[in-house]
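This report concerns only the one structure given below.
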Amino acid sequence: MKKEEKVTAVAELTEKFGRARLAILTECVGLPVNQVTELRKQLRGAKAEYRIVKNTLAARAAEGTIVAGLKAHLKGPTGIVIGYDDPVLPTKVLKDFIGAEKREEKIRMTAGVLEGKLLQPAELAAVAKLPKKEVLVAMLLSAMQGPIRGVVYTLSAVLSKFVRVIAAIQDKRKGEGDMPATEGKLSQEELIKAIEGMSVLDLAELVKGLEARFGVTAAAPVAMAAAPAAGGGALGGEGGGAGRVGGGTGGWGGRRGSCRREDGVRRHSRVGTGRQENPGH
């Protein structure tokens with residue numbers, strides 16, 4: 001690539017990374033062009049996109065964005081899913097796409113970052129099973145209907161982030177002076193904003209913590225749970241509950257092939273079905 005083209009490519013990626021709430025790296029080897037097109041179509045329905053990138057340019061563009069945490073994973077033939085809205089839907093689209101038609105041999109997730117948190121492949125698979133954020137909020141409200149007076153101060157360490165958010169709001173209101181406990185209580189609007197600011201992972205942890213602490217079962221309203229997910233038929237239902245995201249990595253093996261990079265550089269392709277890109281570097 002010419003220097004001017006590299007500058008343009010980096011600027012474009014930087015803008016996209018700056019708006020991203022989710023980024024998932026994939027190793028893409030031998031995926032036919034028509035299947036890459038299908039993946040992109042499905043991701044557009046989930047307000048996300050898929051790009052094949054040159055690692056050096058992506059690493060440069062990642063500086064100062066949530067994608068910076070993935071720089072160490074930018075190796076080999078790389079494709080990246082960039083999600084701009086609900087992070088669960090693009091993750092589910094990608095997981096379902098990879099699982100279909102034995103595509104594990106041609107494309108796999110290597111790492112991801114969700115709202116600033118670095119995730120391994122097994123954790124991304126768990127995220128794909130989470131409900132949408134709106135459903136998690138409904139489940140949170142369901143769990144909070146139990147006997148939870150003083151919940152902010154008594155939950156276990158898994159809910160520490162939420163507790164810190166609440167405490168920060170109270171500290172800001174109290175200032176340097178001492179205020180009576182009744183005056184230090186959060187307003188309804190402040191509590192709502194604190195919940196709105198939580199990521200899907202934080203919400204899932206909070207729901208799980210409430211269930212464990214108070215012996216309640218959080219359930220989304222039937223209408224929300226039964227509603228079809230956005231992004232086309234490939235998504236199916238909302239999937240599993242809001243359990244804790246687990247760690248670990250899965251094995252991977254397969255034959256080498258090609259996916260064309262957005263920067264115009266093409267890799268040699270030897271296997272795979274469907275139309276392939278011409279070889280050349």
Side-chain angles (χ1 to χ4, degrees), residues 9 12-13 16-17 20 22-55 57-58 67 70 73-114 119-122 124-129 228-237 239 249-281:
E12 182 180 354
L13 282 175
K16 292 178 181 296
F17 291 167
L22 167 78
I24 303 174
L25 297 182
T26 69
E27 183 174 352
C28 181
V29 286
L31 192 66
V33 173
N34 64 319
Q35 293 187 21
V36 173
T37 300
E38 176 59 27
L39 174 59
R40 285 171 169 158
K41 179 180 178 181
Q42 292 183 27
L43 286 170
R44 280 196 296 271
K47 296 183 180 179
E49 63 176 299
Y50 184 70
R51 296 181 65 89
I52 308 298
V53 298
K54 187 174 182 179
N55 293 328
L57 299 184
V67 186
L70 295 175
H73 299 272
L74 288 168
K75 302 174 182 178
T78 302
I80 182 168
V81 172
I82 310 171
Y84 303 106
D85 193 41
D86 180 0
V88 173
L89 292 180
T91 309
K92 180 171 175 57
V93 168
L94 180 61
K95 180 177 180 295
D96 290 349
F97 178 85
I98 292 174
E101 301 181 19
K102 298 182 179 179
R103 293 188 179 117
E104 295 93 341
E105 298 183 355
K106 301 171 184 176
I107 179 173
R108 70 177 180 111
M109 294 184 285
T110 58
V113 61
L114 193 164
L119 301 177
Q120 298 303 316
L124 289 167
V127 169
K129 297 178 182 179
L235 293 180
T249 58
W252 141 264
R255 301 165 294 178
R256 306 292 295 181
S258 73
C259 290
R260 187 172 69 84
R261 293 207 298 260
E262 310 298 348
D263 55 31
V265 179
R266 299 176 181 179
R267 294 184 179 273
H268 180 61
S269 171
R270 293 181 292 183
V271 298
T273 59
R275 182 168 62 88
Q276 300 284 345
E277 294 291 340
N278 295 326
H281 288 278

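Position 1 is the first residue of the sequence, and the numbers go up from there.
Atom NZ of Lys47 has 12 or fewer heavy atoms from other residues, nucleotides or ligands within 6.0 Å.
Side chains of Leu94 and Leu124 form no contact here, defined as non-hydrogen atoms less than 4.5 Å apart. In this structure, Phe17 and Leu70 have side chains that are not in contact, with every pair of non-hydrogen atoms separated by 4.5 Å or more. Contact of the Gln35 side chain with the Ile107 side chain is not registered, since no non-hydrogen atoms from C-beta on lie closer than 4.5 Å. Side-chain contact check for Glu49 versus Leu43: every heavy-atom pair is 4.5 Å or farther apart. Looking only at side-chain heavy atoms (C-beta outward), Cys28 and Lys106 stay at 4.5 Å or farther from each other.
Atom CD in Glu27 sits 13.0 Å away from atom NE2 in His73 (nearest 0.5 Å). Between the CG atom of Leu57 and the CD atom of Glu12 there is a distance of 11.0 Å, given to the nearest 0.5 Å. In this structure, CG in Leu31 is found 8.0 Å from CD1 in Ile52, a value given to the nearest 0.5 Å.
In this structure, Ile82 and Ala20 approach most closely via the heavy-atom pair CG2-CB, 3.6 Å. Looking at every heavy atom in both residues, Leu22 comes nearest to Pro90 through CD2-CB, 3.8 Å. When all heavy atoms are compared, the tightest approach of Pro77 to Val29 is CG-CG1, 3.3 Å. Taking all atoms of both residues into account, the shortest heavy-atom contact from Arg40 to Arg51 is NH2-CA, 4.2 Å. When all heavy atoms of Ala128 and Val88 are compared, the closest pair comes out as O-CG1, 4.4 Å. Smallest separation of non-hydrogen atoms from Arg108 and Ile98: CA-CD1, 4.1 Å.
Electrostatic pairing of Glu38 and Arg103 does not count as a salt bridge here, judged by no charged N lying under 4.0 Å from a carboxylate O.
The closest donor-acceptor contact from the side chain of Asp85 to the backbone of Ala46 lies at 3.5 Å or more, if one exists at all.
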request  = Decide side chain to side chain contact (heavy atoms under 4.5 Å, CB included) for Ile80 and Val67; before the verdict, give the C-alpha distance in whole Å, the side-chain angles of both, and the deciding distance to 0.1 Å.
outcome  = CA-CA 10 Å; Ile80 182 168; Val67 186; 4.2 Å; yes

